[in-house]
Q: 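Pasting a structure here, questions to come.
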Amino acid sequence: MIQLTIDTNKIKEARNYAAKIVNSLTWLLQDYTSTTIERTVLRLMGIDGIAGDNTPIPNLVVEHLQQKKVLNRGAAYWLANAIVAKNLSAQEVAELVATNQLDLTEISAQPNQKVLEILDKISSENLAKIAEQRQIRQQAFEKYGRRNKPAIYVIVATGNIYDDVVQAKAAAREGADIIAVIRSTAQSLLDYVPYGATTEGFGGTFATQENFRIMRKGLDEVGQELGKYISLTNYASGLCMPEISAMGALERLDCMLNDAMYGILFRDINMKRTLLDQYFSRMINAYAGIQIQTGEDNYLTTSDAIEKAYTVTASQLINEQFALISGIEHKNMGLGHAFEINPAIENSFLYELSHALLTHTLFPDCPTKYMPPTKFATGNIFRTYLLNGMFNFVGQITDQGTQLLGMMTEAVHTPHLVDRALAIENAQYVFNATKDFKNEFTLKPDGIINKRAKQVLEEATDFLRKVSEKGLFQAMSAGEFADIVRTETGGKGLDGVLPKSEDYLNPFMDKMKTELKLQ
Amino acid sequence: MIQLTIDTNKIKEARNYAAKIVNSLTWLLQDYTSTTIERTVLRLMGIDGIAGDNTPIPNLVVEHLQQKKVLNRGAAYWLANAIVAKNLSAQEVAELVATNQLDLTEISAQPNQKVLEILDKISSENLAKIAEQRQIRQQAFEKYGRRNKPAIYVIVATGNIYDDVVQAKAAAREGADIIAVIRSTAQSLLDYVPYGATTEGFGGTFATQENFRIMRKGLDEVGQELGKYISLTNYASGLCMPEISAMGALERLDCMLNDAMYGILFRDINMKRTLLDQYFSRMINAYAGIQIQTGEDNYLTTSDAIEKAYTVTASQLINEQFALISGIEHKNMGLGHAFEINPAIENSFLYELSHALLTHTLFPDCPTKYMPPTKFATGNIFRTYLLNGMFNFVGQITDQGTQLLGMMTEAVHTPHLVDRALAIENAQYVFNATKDFKNEFTLKPDGIINKRAKQVLEEATDFLRKVSEKGLFQAMSAGEFADIVRTETGGKGLDGVLPKSEDYLNPFMDKMKTELKLQ
Amino acid sequence: MSIKIDPTKIKPYGDSLDDGRMQISFALPAPADEKGKEAARLLLKKMGLENIEVCYYSDLGEGFTHFVAYVSTNATIDLTKIEVKTVDTPVMDLEETDKFMAENVKRKITVVGACIESDAHTVGIDAIMNMKGYNHRFGLERYQYFRTINMGAQVPSEELLAKAVEENADVVLVSQVVTQKNIHIRNLTKLIELAEAEGLRDKMLFICGGPRISHELAIELGYDAGFGSGSYATDVASYIAFHFAK
Amino acid sequence: MSIKIDPTKIKPYGDSLDDGRMQISFALPAPADEKGKEAARLLLKKMGLENIEVCYYSDLGEGFTHFVAYVSTNATIDLTKIEVKTVDTPVMDLEETDKFMAENVKRKITVVGACIESDAHTVGIDAIMNMKGYNHRFGLERYQYFRTINMGAQVPSEELLAKAVEENADVVLVSQVVTQKNIHIRNLTKLIELAEAEGLRDKMLFICGGPRISHELAIELGYDAGFGSGSYATDVASYIAFHFAK
Ligand code: B12
Ligand code: B12
Ligand SMILES: Cc1ncc(COP(=O)(O)O)c(C=O)c1O
Ligand SMILES: Cc1ncc(COP(=O)(O)O)c(C=O)c1O
């Protein structure tokens, strides 16, 4: 490997500030819940389907409890109470609530013992389903061999899940390791998860459990044919983070875009809401053995990639700490970064290389996720194809975990079948042709690359120190992140945040915490 | 710079064998002349134009002398004798001969003194023209700054000199440093140089003096506009090597494809003929300050680039020695090599890099000419564009003198306007983005790259030793070069080789030798 | 002699005048073999193209094949007859605009802007409106005679118009970057129809922008002006300044 | 449900069934601005294309501009009706051919080959004829029942035919690689016309090959067979073996 000459104490210092930032939020993560978390609990209890105006039943049940002002005891308790009282299944109870045939708060309180027993049973049964998916994945990797490194990650985004499957299968045949089904533009701000198979989306396809299932099936088919396990990923982001994670866990997604702060900064979602949601969301991913991936590339689509390189590093360190407290192991932390420097800059390639090496140096055990050039794509498909090649080169020689392939039609449209095939060919050529390049060279300690990496780490450390002193919320309110001002009471979804009551129940979180050895 | 760890004694050994090979050919180079050399002498005396069946007058005069069996005294003598006798200009005499109105052998021998005087005058005057062009070039470089390194070299090849000028000017505006007008497929086996402006060629445009002039004018125009000296090159190869060099010297070409052995191996031209022709041809280039460029890439279009890498090195060393005895300085030796390894081979990029570094290490003072991938171009223009980018990367980090840009439409057609523009954009991006890459790294002494370079040098040394023992002609007859069998008496153009008589005269060669300090 | 182009009959150019050469790349649901290649060739022929050279094909899986071809077209265009609607006010720099507005407008112009509906690509509108600007050109916020309110991403048309009314806006700026399935046309049309319905259309200047927006398209959709890729605050500021000077 | 393709009406595919999407790149003698872009758009429209998106343009100098566009075509092709002439003899490997010829041909077949006229690209014909072959398939020279004479580069048609007569050839192999301005068609036609004039056409098998040669084109030009890119000695040997077995 090409090694940076970086003082490990410097790294420790930065990491400590990040830990401090994250640990100061225990009050929020332990004492609050959100409507999304409660909907997730319902989904994990096996509740699915829609009612009325095509609204998902989990939403209807949670709205009911919110309206009755009893949600802070946890949806699990109310459901279990009704199940015990009525001797119905969770789904049956939920359907009655959703169709206004049952008021959960009107059912008399059942013996606590019984309620806990039924919750134990339901949660065990349903967590077992997730565990089973985890095992199927594990066995498949054992049978077919581990994922390539860098893994070839491509997106499909036709808007129509059936077209998506065609494109995904074709990509798998060409060599893709991970398929991401990009979500339709508007989904992340929906406070519910759409239902069923969908065939219309803009710049992406809606994330629904049925769509997950359809795609998983398609990939399992093609994977079997190829003798290779094809991974699937989607986006646990927006207003429904943990719900998507739960769906993904049940339908055997293998990775999940799941950033701790993306929603706050780039979707103007309330910070409490996002942080709560990501906490549970990541715990589910941890339990399901799903690799999370973070979105540090986003900083560089809005800010300059040289000037603001340190924001990437800082965010990676914060994301790492948030992931740790949710039980995600380093081997499942796909921390993000990107190749977004203006290609017209002298030595731009050296800076890109430096940044990628820094990421690798800070997170040697993480399957880092490397994002392609997008901002300086112009519609000149030939030039973009070349930029993608240079990006693939950096990915290979810096040992990235996942290479999200650039598309030559960046700045034009979401990828066509041909674009994706050419992107895979590009990566395969570069990866193979430069396979041992990284073992051939020693980096000069005082060169541009090392100097740059040191500078970025220093800037990140300074920044993290400042944030740790101020507190994360205050720093965000002061626009310290990506020049974007977000306040504790601003943003979407704050109305879905509520304190837990003393007798709050969430058997899934409890069990997962135990299994993941978290406090 | 990235440095190979190579024993300088090894390099010396290889170079000594090459010198031995070349020096054993003195008998040929000193005691023989060729029809082409004599035509060149006539051209240098100012003779031009066509007669009869569109045959160049130099050809008609030389044929006349050959027919009369007196060519071995040198065409210069016969012309001068007639000039003195008839008091006509060289051109006037030649026209009379060409139209069968004058038999040079029928003119009585004029006083030797007079003949030598007139030859001295004519050769001085005409060499002065070449010297003047050399000076114009030199002044332009002084005024506008030296050529970029790697110089961006692109070809134009429409078949029509006027289209060529449009394409060349556009290329210059986009950043080209050197324009090569590729020759029509069939020209190299013509035993004369076509005349005048031409508008029809296949895969190239005929090399004629008028075409040289038209293109030179176009490039001077656009160069002035851009504040940059745009270089022009063509091919001194085939059956008319020195004639083309003379035309190039007069019309201020700046580089010249001029390989010592290409004609023998790849055009089946007789070896004596080619070696004689290149000797004089290179002397003219040396005198004119024209950079020669060699064609080692050709070995790799017919043979495997890994298996036969040593043939490139061996040929470079032989070309160097031939260049030296013609008076070419290292700074004007554009020794060739190529990026032609099958891209599907693991670590192909490392081998390419190794080969390019080896060339740079052996010839640190030469503006080496690096040729793009062609053999493995498939018509997939996107892939080829990327391969060209990787090639440009190697060119930049190994400090090549001239980068002959690859075209994305290699394997499809000779470059369109768009292809060339995209190729230049490719090179400019890569050159700029990786500018200081070479100063960032130290090469591991025992890595793939160093090992490979050592192996190639060793193979080349062994090969050169064998050839030096056998003799060049014998080695060629045994198919040692590129598996191609060429015999001393085979190939085209042997009938144009003749021994000089005792009283042979070639004032141009004599003067140039003196000025170039050759024996 | 030299090559001569007739501007009334321009044609694509590969390497010889009027050769009509073009490069085409596409996928077909056809096999990756001679038959598929023939299908590709026939398709191009049916499109009226000539000298068809299918120079590459490759199996994409799932029954699709990628083809790359070079072809010649016979179509020509009369360049002298082409008219494009472009914003034709002169472009002034920041200082010039400040000065021009001080002399000719003499009051602050209120500008309300947003990325509307499903679109969250704020970089473009930020480039125009925010202090920092883009490529070393400051945004409208930095100008002396603009008061700017940038509402950011995914703003419903209704909210944008409400804000414009509330702030007594002179100018409404709308950005649309996502164009998949013409969603930008849909969104832009929705906004302008709402504005008309509410009687606001003629009370304010409506300007849209985005990478696939041209002035021509903007006019067609009922806007006053449109700005595409590579436009700067200077362009927009000058246009607005001249408008309110009249 | 899944996407369903109608083979009688296939169309280019971008990312949705029958979207007809294609990528086009070309140069026009037009300015690098909105007007040039409009010229490009109108040209594509005139070619019958729809949903034209000119996504990039760049100045090439000398009055030319490069355009990249995505467009939709309405053209469709009936895949079920396409017939291509392809060499349809089964392909055997070296040993199989040797055995087959031992049993069914029972004599050495003489093959004379060359790159004719202006063409000097010998790698292709060498790949077919010479011992070494290509991509781990030996050439005809290595086969038991072929006697091969490879004349190399730039052989005039007259010389090739003279040699064929002299050697009593059963098969003539011709390679053509350069296709600029259809020079390969010219050269191949010249050879076959000469062969006819000399009464040789039906006495020998005439086979041509090269990257732009298809069996179909070969037949059209009067040859017995044609082999394109990626053909091997195995293909040619099998074809010849079957021919002489009949
Ligand atoms: C950055 C970026 C993002 C960022 C946006 C961050 C942000 N805060 O803006 C993030 C990561 C969030 C993002 C998300 C998505 N993106 Co996006 N994104 C881009 C990207 C890489 C750059 C866009 C950009 O910032 N350009 C730089 C600015 C300065 O240029 P501009 O927008 O053209 O603006 C200039 C002019 O157009 C004009 N202008 C623009 N607006 C206005 C307004 C007015 C009034 C005026 C006068 C002028 C004007 O002036 C500006 C300065 O010159 C492009 C690809 C590309 N290279 O273009 C894809 C791209 C636009 N995204 C795309 C897609 C599909 C998405 C997603 C839908 C993906 C998904 N399914 O999740 C989401 C959707 C989010 C949403 N709801 O809209 C597609 C759109 C495809 C299409 N043609 O429809 C693109 C083209 C990428 C691709 N090839 O697929 N994206
Ligand atoms: C190598 C090469 C050369 C070498 C040739 C060396 C040699 N001894 O062959 C050299 C350097 C000499 C050369 C010179 C030129 N070349 Co060249 N060359 C190439 C190159 C890079 C590779 C060709 C090759 O060897 N392919 C590998 C072989 C194995 O493939 P193949 O020829 O297709 O053969 C296979 C099949 O077609 C078939 N086949 C071929 N022949 C036959 C015959 C029979 C009977 C059968 C059954 C099958 C068969 O079987 C083979 C095995 O599968 C191509 C670009 C490319 N990547 O294709 C350009 C290319 C062919 N050359 C080109 C040009 C223009 C030239 C020159 C004219 C340039 C110039 N102006 O100087 C000269 C002309 C020389 C001449 N008189 O012909 C152009 C042709 C453009 C066109 N479409 O017309 C190309 C496409 C490059 C380009 N993009 O411009 N070239
Ligand atoms: C971290 C992260 N999450 C999610 C998304 C998807 O966006 P949204 O959640 O708004 O659909 C992205 C898109 O780039 C992202 O980077
Ligand atoms: C060294 C050298 N000379 C000359 C040529 C041009 O070929 P010809 O002289 O046959 O026209 C080439 C072409 O690649 C070459 O490499």
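The chains referred to below are lettered A, B, ... by the order of the sequence lines, with proteins before strands, and numbering in each begins at 1.
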Q: Holding to side chain to side chain contact (heavy atoms under 4.5 Å, CB included), I want the full list of residues that pass it with B:Gln316, two or more places apart in sequence or in another chain.
A: B:Glu296, B:Val312, B:Thr313, B:Leu335, B:His337, B:Thr359, B:Phe363
Q: I need the contact set between residues 402-418 of chain B and chain A: heavy-atom distance under 4.5 Å, sorted by residue number.
A: B:Met408
Q: Are A:Glu425 and B:Asn380 packed together at the side-chain level, in the sense that at least one heavy-atom pair is separated by less than 4.5 angstrom?
A: yes
Q: Between CZ of A:Phe431 and CZ of B:Phe349, what distance do you get to the nearest 0.5 Å?
A: 14.5 Å
Q: So if I take each residue of residues 386-397 of chain B and look for any heavy atom under 4.5 Å from a heavy atom in chain A, which residues do I end up with?
A: B:Leu386, B:Leu387, B:Gly389, B:Met390, B:Phe393
Q: Contact part of A:Ile381 toward chain B, heavy-atom cut-off under 4.5 Å: side chain, backbone, both or neither?
A: side chain
Q: Would you give the length of the straight line joining atom CG of A:Leu422 to atom OH of B:Tyr385, rounded to the nearest 0.5 angstrom?
A: 14.5 Å
Q: Any donor-acceptor pair under 3.5 Å linking the side chain of B:Asn432 with the backbone of A:Ala344?
A: yes
Q: Please flag which part of A:Ile345 lies under 4.5 Å from any non-hydrogen atom of chain B: side chain, backbone, both or neither.
A: backbone
Q: Could you tell me which residues in residues 433-447 of chain A have at least one non-hydrogen atom under 4.5 Å from a non-hydrogen atom of chain B, sorted by residue number?
A: A:Ala433, A:Thr434, A:Lys435, A:Asp436, A:Phe437, A:Asn439, A:Glu440, A:Phe441, A:Thr442, A:Leu443, A:Lys444, A:Gly447
